[in-house]
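Here is how names work: the chains are called A, B, and so on, in the same order as the sequence lines, proteins then strands, and each is numbered from 1. Predicted model only: the values in this text are computed from it and were never measured. We use all heavy atoms of the structure for the numbers below, so side chains are in, but hydrogens, waters and symmetry mates are not.
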Number of protein chains: 2
Amino acid sequence: MGRGHMARRNTNRRVGIADVADKAGVSHATVSRVMNGNAAVDPGIAARVRAAAAELKYQPNPVGRSLALGKTDTIGIVVPDLANPTFQAILRGLSIAAAQDGYRVLIADSSEVTSEEAILAGEARRRCDGVVLCAPRMSDAELEELAPTLHPLVLINRTTVATNTPSLSVDYGQGIQELAQHLVSLGHQRLAFLSGPEHSASNRQRLAGLDQFRTGHPDIELQMLDGGSNFDSGHESTEAIIASGATGILAFNDLVAMGLLSGLHERGVRVPEDISVTGFDDIPFAKYTTPPLTTAAVPINELGSLAWRRMREQIQQAGESATQAQDEFPPRVEIRKSTAAPALKPAS
Amino acid sequence: MGRGHMARRNTNRRVGIADVADKAGVSHATVSRVMNGNAAVDPGIAARVRAAAAELKYQPNPVGRSLALGKTDTIGIVVPDLANPTFQAILRGLSIAAAQDGYRVLIADSSEVTSEEAILAGEARRRCDGVVLCAPRMSDAELEELAPTLHPLVLINRTTVATNTPSLSVDYGQGIQELAQHLVSLGHQRLAFLSGPEHSASNRQRLAGLDQFRTGHPDIELQMLDGGSNFDSGHESTEAIIASGATGILAFNDLVAMGLLSGLHERGVRVPEDISVTGFDDIPFAKYTTPPLTTAAVPINELGSLAWRRMREQIQQAGESATQAQDEFPPRVEIRKSTAAPALKPAS
DNA sequence: GAATCATGAGAAAGCGTTTTCTCAGAGCGT
DNA sequence: ACGCTCTGAGAAAACGCTTTCTCATGATTC
C-alpha cells in the first residue's frame, strides 16, 4: 500500500525531499537539515544524504520553501511602459543587482493605465518580498494610501511623505533649466518645450522648472507644446515645431527628440544649423543619433542597482521601519552636436 | 489561549483565510469555496463571507495557493542580454500577452555567460509553470539534454530535435541573403559582413546564408570582419570597414549598424553616397537613424506574444506531449535610406 | 411515514518545505 | 555504577491554501 503510493509519486511527481529521505534511510527533517546546513548532523549521515540528493538530482521546491520561510527571494517591479528605454535600463540594473544576491525579479507593465497600477503593485507584493514602483502615474493621494501596504517598497521618480519608504528621483526641474540655460547661452531667444504625458510626475517637474526659468529670464520667449513620450509623438510634432518659429527645442525626452530629429531631417530643416534640439535621459542611443543628441544625463544604469540596494536594506532590517534615504540625482548636461548658436537673422 | 494565539496572528501577520472564516463564523473551507466559486454555497453564507473578506481586505496568499494547486501562474524567461532591444521587445510582448491571461513573468538575464544559462533556466522552471529560453548560447548537446527537464518550454531562435518543444525562429540565413542581394542589385560589387558574437546561433545562420550567397555570386567580393552585437562594436569597426574598401556593409544587427553609421559620420564618410549600410532586426530605432536604416525586419513585437500563445497551449494540454509547431519567420527586407547605388568609380 | 436522495458545510488530508519539540542514546563526572 | 548533560535524529507542527471525505439536515418519493 505505502509502497504503491510511493511508486506512483515517484513516477508522477518531481523528486521531493521524501524521496531523498527514503533513499538515504533518514527522515525528511534530516534531509532538510543537511540541505540547509542548519543544525549539526552526523558527518556520515550527511554524506549519505548528499549522495542520495545528488543521485536523484534533488532540488528543493521553492514554493514549499517560500511557504515555510515566509519569503520568496523575489521582488517585483511595476513600470508604466516596458517599451521605454529608461524603464528598460532600470529593470536591467535591478535584475542584475538582485541576481547577485540570489533574488529574481517579477515584472509588471501597467501599459500607462493608471488605474491598474495599484492592483498590479498589490499582486506583485503578495508574490514577492518587496516591490519597486517605477514612475507611477497615480495621484499623490492614491500613492500615499498604497505605499504603506506595499512595504518594503522603493519608489523611483516619485516620493512619499512616509519616511520609511526610500525613493530615488532625478531632479528634472533642475535638468531642464540647465538645458534651457545652455540654449540661451548659445544665443537662442525663442525656445519651445515639447511636453510629455499629462500624468507623468517628471513632466510636471520639468514644467515647474521651466516656470522658474521664465521668471529668471523674462526676455526669453518660451512656448509650451503638447507632445508625448515616444518617437512617434516627437515625429508628429515636427510641423508644430517648425510653425512655432522657435530655434531652441527642449524635447520631453530623448525618444521625442529623436522622433523630432527624424522629422526635421525629412523636412530639410538642418540640426543644429537651423534648429537646436535637446533631449533628456541620455539613453544609450542618444550619442549615436545624427547629429549626436545634446541631453541631460540621468544615472540610468545606476538607478536600477541602487534601487536594489535600498530594497535589500529594507529586507534585511525586516520589520524595523527606520527612516530611509530619499535620494535625488542632479542630471548632468551632456553637450553634443544637436545644439549650436542660432543662425544670424537678417534683421534682429 | 486560542484567542491569544489568534490575536497575535491578527496583529503580526497579514490577514489570512482563517481570519475571514472567524469573522464570517464559518470554516475556512467554506471561505475557500466562495472565493473560488468552486462548489455550491448557500447564497446567504456566501454573502456573509464576501462581506467579511471585503471588510478585512482579504487577498489569498499566492504562495499557499501555488503549493496547493501545483501552479504559480508565472512563467520565466531567460535572455542572454537585457540590454539588447530585440530581447527587450520579446520580453515586453511576452509579458503583456501573459498578463492578459493572468500570468506574470519572471526574468533572468544570463549576461551572455553561457554556463549560467542552464542553471538560471532550471531555477526559473522550478519557480514557474514554464520557461521560455531566448536565443540560448549553449551548445546543441547541452540544449538537447536540458530541454526535456524544462518542459513546458518555448524556444526562441533555437530548435530542438524533441518534437514536443515549440520553437520560434527567424530565418537569418534567408534574410542576410536578401540584404546582400539588395546591395548587389543596387550595383555593389564589394561587400563586407560585420559578424556577431561567436556563440550566437543566429550569427552562424547568417554565416551559412552568406556562404550560400557566395556560391550563387562568385563574381561578388564578400569579406568577413569580426565584430560584436552592440553599438560600441559597430563604432569600433569603423576603421576596419573603411580600410576594407567595401561599398556595401552588412552589419550583424541594427545596433552594430547604428554604431557604424555614427563612426562613418564622424569620419566624414557619407551614407549612402560613399558606403551603403544594412542592419538586421528592424528595432524601433532603425527608422529614426540618419539616414533611416535599411534592414531586415523580424516580427519582433509578435515574437513575444506568440511565445506566450505557444506556452499557453502547452500549459493547457498539461501532460500530453503532443508534437508542437516549430515556426520559422522569414524576415522582410525594409529598404530605407542607408543603401543606394555606389558612386561611379573613375575607372571600373 | 419511512427510506432515499440531494444539498451544503465542517473536518481533515494534502501540497513540500522548515523548524520546534521530543526523546533515545552516548559520554561524562562523581 | 548511577545520574547528568549533551548530541543528534525522528515525530509532528507550522506555513496558507484547496479539495476530498464525511456527515448532518431537510427535501423527495412511493
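Here C:dC15 presents its C1' atom at 4 Å from CG of B:Leu67, a figure rounded to the nearest Å. In this structure, CD1 of B:Ile17 is placed 5 Å from P of D:dC17, rounded to the nearest angstrom. Straight-line distance from the CE atom of A:Met35 to the C1' atom of C:dT19: 16 Å, rounded to whole Å. Rounding to whole angstrom units, CG of residue B:Asn61 and C1' of C:dG16 are separated by 15 Å. Taking atom CG of residue A:Asp73 and atom P of nucleotide C:dT17, one finds them 15 Å apart after rounding to whole Å. Atom NZ in A:Lys71 sits roughly 16 Å away from atom P in C:dT17 (whole-Å rounding). To the nearest angstrom, C1' of D:dG16 lies 13 Å from CZ of B:Arg14. The distance from atom CZ of A:Arg65 to atom C1' of C:dC15 is 16 Å, rounded to the nearest whole Å.
When each of C:dA9, D:dA9, D:dT18 is scored by its nearest atom to the side-chain atoms of B:Ser32, the top-ranked nucleotide is D:dT18. Listed candidates were D:dT19, C:dG14, C:dG10. Nearest to the side chain of B:Leu69 is D:dT19. Looking at the side chain of B:Val41, the nearest of the listed nucleotides C:dA9, D:dT18, C:dT18 is C:dA9. When the nucleotides D:dG16, C:dG10, C:dT19 are ranked by their closest atom to the side chain of A:Arg33, C:dT19 comes out on top.
Among the heavy atoms of the strands lying under 4.0 Å from A:Ala29 is at least one base atom, whether or not backbone atoms are also near. Note on B:Val26: only backbone sugar-phosphate atoms sit closer than 4.0 angstrom, heavy atoms only; bases stay farther off. B:Thr30 comes within 4.0 angstrom of sugar-phosphate atoms only, judged by non-hydrogen atoms across all strands, and of no base.
The only option from A:Arg310, A:Gln314, A:Arg309 that meets the side chain to side chain contact (heavy atoms under 4.5 Å, CB included) definition with A:Arg312 turns out to be A:Arg309.
The side chain of A:Asn36 places an N or O atom within less than 4.0 Å of a non-bridging phosphate oxygen (OP1 or OP2) of C:dT18. Within the 4.0 Å cut-off from OP1 or OP2 of C:dT17, at least one side-chain nitrogen or oxygen of A:Tyr58 is found.
Although no hydrogens or angles enter the test, the distance criterion places a donor-acceptor pair under 3.5 Å between the side chain of A:Thr72 and the main chain of A:Arg127. Panel note: side chain B:Arg158, backbone B:Pro136; a donor-acceptor pair is recorded below 3.5 Å.
In summary, the side chains of B:Asn36 and B:Arg65 do present a donor paired with an acceptor at a separation below 3.5 Å, with no hydrogens or angles considered. With 3.5 Å as the limit, one finds a donor-acceptor pair spanning the side chains of B:Ser200 and B:Ser202.
Both A:His28 and A:Ala40 lie close to DNA chain D; mapped to their nearest nucleotides by heavy-atom distance, the more 5′-ward contact belongs to A:Ala40.
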